[in-house]
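Worksheet: one structure, shown below.
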Amino acid sequence: MINIPKECVIIGGGPSIKEGLSLGLKERIKDKFVITCNFAFNHFDGTFEVFVDRDFYTGRLNTPNDLTINNEHVDKIKALPLIVGHLFDNRFDYYSNTIALKQSREFDKSAKKGFYSSFMCGFFALHVAMYLMNYTGTIYILGYDWTKRDPKTICPTTYTPYDNKTETHYYSDSEIKHRGQHWLSAFENHDAHQYFVNFLIPGIKVYNVSLNSNIFDFEKISYPKMLDLLSLETINQEELRKEIKSILAK
């Protein structure tokens with residue numbers, strides 16, 4: 001077995017990731033400790049994939065009332081080497097590559113009550129990463145943009161949470177279509193600090209790799225800066241996954 005690396009990259013879905021891709025991000029983080037969130041597994045080879053949404057996992061990607069299953073998406077999910085996600089209930093049928101963890105609305109370093117998730121996959125991924133790293137080291141969060149519109153452009157009486165002119169993800173609708181595209185209410189109606197302040201823990205440094213992110217709890221850096229700071233060490237992914245499984249199975 002190998003030790004969990006003290007450097008981790010978490011890939012969310014925000015539009016700022018496009019800059020990283022243009023600078024060779026995919027190749028630069030190959031064979032590192034990488035966690036992909038939701039649809040990021042389509043573009044990055046991660047150590048493991050994280051999800052919190054039942055419909056994402058089962059392939060119901062359209063509107064909540066649409067029971068259509070995207071079988072191509074499900075087949076891709078099933079083929080991933082390791083998935084870590086929410087524990088729903090004992091009757092839920094998980095794929096053989098999945099570790100299901102209890103979730104919690106309260107942040108607890110020991111994770112005895114579960115892993116912190118609230119309403120977004122990014123919270124869950126960050127807590128799992130910190131826990132695996134024993135709260136020491138460096139984490140780079142990518143695509144944590146917390147995209148929202150300028151409040152001055154929004155009329156309170158005619159507010160709509162959907163705006164197809166606002167990019168919420170680094171991939172287009174035509175490439176990956178799902179009901180989260182262009183929906184802004186989760187970001188516009190919640191204060192990011194309320195959630196991310198939980199992760200300000202001595203001993204572990206979190207870099208927010210997006211100078212335009214609306215999350216201000218962590219030091220914000222550019223992609224060139226991140227690529228300069230990132231170590232050159234590569235990791236045996238199969239051995240790393242074995243160690244991760246042994247820790248999360250406890």
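All figures in this text were calculated on a predicted structure; none of them were measured in a lab.
In this model, no donor atom of one side chain and acceptor atom of the other lie less than 3.5 Å apart for Tyr171 and Gln181. Remark: the Lys148 side chain and the Asn214 side chain contain no N/O donor-acceptor pair separated by less than 3.5 Å.
Between His43 and Tyr170, the ring centre distance stays below 6.0 Å. For Phe199 and Phe218, the distance between ring centers is not under 6.0 angstrom. Proximity of the aromatic rings of His127 and Phe107 is defined here by a centroid distance below 6.0 angstrom, and this criterion is met. Residues His178 and His73 keep their aromatic ring centres 6.0 Å or farther apart. Not less than 6.0 angstrom separates the ring centroid of Phe88 from the ring centroid of Tyr57. Aromatic pair Tyr195/Phe123: ring centres closer than 6.0 Å.
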Steps toward side chain to side chain contact (heavy atoms under 4.5 Å, CB included) verdict (Ile10, Tyr140): CA-CA 6 Å; Ile10 304 177; Tyr140 299 94; over 6 Å; no

Audit row: Arg179, Asp55, salt bridge (charged side-chain N to carboxylate O under 4.0 Å, His left out) steps and yes/no: CA-CA 10 Å; Arg179 63 174 176 265; Asp55 288 342; 2.7 Å; yes

Residues Asp163, Arg149; criterion side chain to side chain contact (heavy atoms under 4.5 Å, CB included); working and verdict: CA-CA 9 Å; Asp163 181 4; Arg149 296 163 291 191; 3.3 Å; yes

Test side chain to side chain contact (heavy atoms under 4.5 Å, CB included) applied to Leu82 and Glu49, step by step: CA-CA 6 Å; Leu82 179 61; Glu49 161 78 359; over 6 Å; no

Step-by-step side chain to side chain contact (heavy atoms under 4.5 Å, CB included) determination, Val209 to Ile141: CA-CA 6 Å; Val209 190; Ile141 56 173; 6.0 Å; no

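Nearest heavy atom pair, residue Leu240 against residue Phe33, reads CD2-CD1, 4.0 Å. In this structure, Gln237 and Lys32 approach most closely via the heavy-atom pair NE2-O, 3.0 Å. Scanning all heavy atoms of the two residues, the minimum distance from Met133 to Lys6 falls at O-NZ, 2.6 Å. Contact between Phe51 and Thr98 at its shortest, heavy atoms only, is CE2-CG2, 4.2 Å. Taking both residues in full, the closest heavy atoms of Glu7 and Ser231 are given as OE1-OG, 2.9 Å, listed atom of the first, atom of the second, then distance. For His190 against Ser185, the heavy-atom pair with the smallest separation is ND1-O, 4.2 Å.
Ring pair His182/Tyr162 is perpendicular by interplanar angle, where above 60° counts as perpendicular and below 30° as parallel. Using cut-offs of 30° and 60° for the angle between ring planes, the Phe41 and Phe56 rings count as perpendicular.
No more than 12 heavy-atom neighbours from other residues, nucleotides or ligands sit within 6.0 angstrom of CG on Asn212. Counting heavy-atom neighbours within 6.0 Å of Glu238 CD, excluding the residue itself, gives a total of 12 or less. Within a 6.0 Å sphere centred on CG of Asp89, other residues, nucleotides and ligands contribute more than 12 heavy atoms.
Atoms NE2 and CD, on His86 and Gln103 in that order, are 4.0 Å from each other to the nearest 0.5 Å. The CG atom of Asn198 sits 12.5 Å away from the NZ atom of Lys109 when rounded to the nearest 0.5 Å. In this structure, Met130 CE and Ile204 CD1 are separated by 4.5 Å, a value rounded to the nearest 0.5 Å. If you take OG on Ser16 and NE2 on His169, they are separated by 11.5 Å, rounding to the nearest 0.5 Å.
Hydrophobic clustering (side-chain heavy atoms under 4.5 Å, transitive across Ile, Leu, Val, Met, Phe, Trp, Tyr) groups Leu126 together with Val52. By the rule that hydrophobic residues join a cluster once side-chain heavy atoms approach within less than 4.5 Å of another member, Leu132 and Leu80 end up as members of separate clusters. No continuous path of ILVMFWY side-chain contacts below 4.5 Å connects Val9 to Tyr144, so the two sit in separate hydrophobic clusters. Put simply, Ile83 and Phe48 are part of two different groups of oily side chains (I, L, V, M, F, W, Y) that touch within less than 4.5 Å, one to the next. A continuous path of ILVMFWY side-chain contacts below 4.5 Å connects Val206 to Tyr131, so both sit in one hydrophobic cluster.
With contacts defined as side-chain heavy-atom distances shorter than 4.5 Å, the pair Tyr223/Leu25 qualifies.
For the pair Lys220 and Tyr207, the cation does not sit on the ring face, since its NZ or CZ is not both under 6.0 Å from the ring centre and inside 45° of the axis.
Panel note: side chain Asp145, backbone Ser213; no donor-acceptor pair is recorded below 3.5 Å.
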